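Here is the structure we will look at, set down as structure tokens.
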Amino acid sequence: MWHCSFFTLSFSFLFFLLIITRENFSPVTGLPEDLVNTICKQCADKSTVFNYDFCLTSLQPIPTSHVMNLQGLALFAMELALENVTNTFWSIEKMLTSGRFDPYALGCLKDCFELYGEGVSMLVNSIGVFLHEQYDAANVLLSAVMETASTCEEGFKEREGEVCPLAEENYNLFRLGDIALCTINLLSLALGSKSS
Ligand SMILES: *[C@@H]1O[C@H](CO)[C@@H](O)[C@H](O)[C@H]1NC(C)=O
């Protein structure tokens with residue numbers, strides 16, 4: 001089944017990441033010690049939808065395997081988003097067979113299942129291009145991932161009174177994507193126009 005290969009793909013990719021993130025990226029210099037706080041603050045200042053507290057809570061537990069620079073932070077944000085989108089993908093699959101949803105909600109859930117499946121592969125790709133320092137391409141993919149969350153959410157909003165059972169998941173994915181996107185933008189700025 002196609003989603004089984006997604007599973008294998010994304011997890012072998014995560015494993016691969018665990019290995020390669022031990023290799024150091026060249027650090028962007030001149031950054032203060034509390035990088036997470038600085039980045040979350042800068043991103044929140046730039047955008048009205050960006051959630052500072054969520055950014056802080058999500059990025060604080062950055063593992064020591066990640067270098068504390070913008071690259072390390074962006075990578076960690078993308079890994080969190082990948083974990084999120086993968087977990088949600090599997091919980092939607094469970095929801096589809098739970099018998100708890102009416103045909104309308106099931107239709108929406110099926111759309112979301114497809115969207116989240118695409119989200120998994122887009123995130124894997126965004127990490128891949130990011131590691132090749134193709135930051136613009138990573139941006140495009142991350143924006144598409146955020147769009148995925150919004151599109152899933154909107155499917156439910158089309159019928160009045162319909163509550164989206166994935167509201168929290170969609171919001172989490174959107175915000176994690178936003179963190180990665182903003183961090184990569186700051187990284188591109190810091191590096192000048194090195195990105196391709
Ligand atoms: C998604 O990420 C958020 C923030 O890191 C976390 O609180 C939440 O539990 C994650 N959800 C899933 C389904 O992985």
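A quick note: this is a predicted structure, and the numbers were derived from the prediction, not measured. Start at 1 and go down the list; that is how both ligands and their atoms are numbered.
The line from OG of Ser188 to CD of Glu133 is 10.5 Å long, rounded to the nearest 0.5 Å. Rounded to the nearest 0.5 Å, atoms OG (Ser58) and CG (Leu73) are 11.5 Å apart.
Cysteines Cys40 and Cys55 are disulfide-linked, with SG atoms closer than 2.5 angstrom.
Residue, atom and distance of the protein heavy atom nearest to atom 2 (O) of ligand 1 are Asn84 ND2, 2.2 Å. In this structure, the protein non-hydrogen atom closest to atom 5 (O) of ligand 1 is Ser58 OG, 3.9 Å. Ranking the protein heavy atoms by distance from atom 7 (O) of ligand 1 puts Asn172 ND2, 4.7 Å first.
The side chain to side chain contact (heavy atoms under 4.5 Å, CB included) check on Gln60 picks up Val36, Leu56, with sequence neighbours excluded. The side chain to side chain contact (heavy atoms under 4.5 Å, CB included) check on Asn172 picks up Phe54, Asn84, Glu168, Arg175, with sequence neighbours excluded.
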- Query: What do the steps show when you test Cys164 against Cys108 for disulfide (SG to SG under 2.5 Å), and what is the final call?
  - Reply: CA-CA 9 Å; Cys164 181; Cys108 294; over 6 Å; no
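Here is the list of ligand 1 atoms found below 4.0 Å of a heavy atom in Phe54: 4 (C). Atoms of ligand 1 found under 4.0 Å from any heavy atom of Asn87 (numbered from 1 in listed order, with element): 12 (C), 13 (C), 14 (O). Residue contact check: Leu176 has heavy atoms under 4.0 Å from atoms 2 (O) of ligand 1.
The presence of a protein heavy atom under 4.0 Å from atom 9 (O) of ligand 1 is ruled out.
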